[in-house]
Amino acid sequence: MSEHRVSEPAPPADGSKPKGPASYFPSIATTYGRPVQEWLDLAADRLDDHRHMEVVDWLKTEHGMGHGHANAVVAYVKQALAR
């Protein structure tokens, strides 16, 4: 089992581009200089006691993330935690 509550997805085995929120992940890692797994861990911890848009706003204000990127991270984590 992974040490992370929500793990970064593996690239599609067929070589295609990821779909949904994960499609933002390569750009997130490049733009913000931190691995996507770090962002997923931050969001997962924050979602314990904050709502979706509160976490999005926190990523934007505290970490300088753009709205689309922040929303993609939070949406991915919420979906993974709901499984």
Side-chain angles (χ1 to χ4, degrees):
M1 182 167 178
S2 171
E3 63 187 74
H4 303 287
R5 288 174 59 198
V6 175
S7 295
E8 181 178 359
D14 63 3
S16 65
K17 292 188 177 187
K19 305 271 190 252
S23 67
Y24 287 86
F25 291 174
S27 177
I28 290 170
T30 301
T31 302
Y32 306 106
R34 294 170 75 174
V36 169
Q37 188 62 59
E38 287 185 26
W39 297 114
L40 298 176
D41 292 342
L42 286 170
D45 290 344
R46 194 83 175 176
L47 279 168
D48 286 340
D49 53 2
H50 293 83
R51 298 174 68 188
H52 179 108
M53 287 309 296
E54 291 173 331
V55 180
V56 169
D57 290 340
W58 175 74
L59 288 170
K60 290 166 59 177
T61 59
E62 294 297 317
H63 297 284
M65 201 175 255
H67 181 82
H69 287 160
N71 194 55
V73 168
V74 176
Y76 181 84
V77 170
K78 280 188 69 172
Q79 181 180 27
L81 291 174
R83 292 183 196 153

Looking at side-chain heavy atoms only, is the closest gap between [X] and [Y] below 4.5 Å?
X   : Y   : result
D45 : R5  : yes
P11 : P18 : no
Y24 : Y76 : no
R34 : I28 : no
L59 : R46 : no
S7  : Q37 : yes

Heavy-atom closest pair, residues [X] and [Y]:
X   : Y   : answer
W39 : V73 : O-CG1, 3.7 Å
A70 : K60 : CB-CG, 4.1 Å
F25 : P9  : CE1-CD, 3.7 Å
S27 : H69 : OG-NE2, 3.4 Å
A29 : V36 : CB-CG2, 4.1 Å

As an exercise, state the distance from [atom1] of [X] to [atom2] of [Y], rounded to the nearest 0.5 Å.
X   : Y   : atom1 : atom2 : value
H50 : W58 : NE2   : CH2   : 9.0 Å
L42 : E62 : CG    : CD    : 11.0 Å
M65 : D57 : CE    : CG    : 13.0 Å
M53 : H67 : CE    : NE2   : 4.5 Å

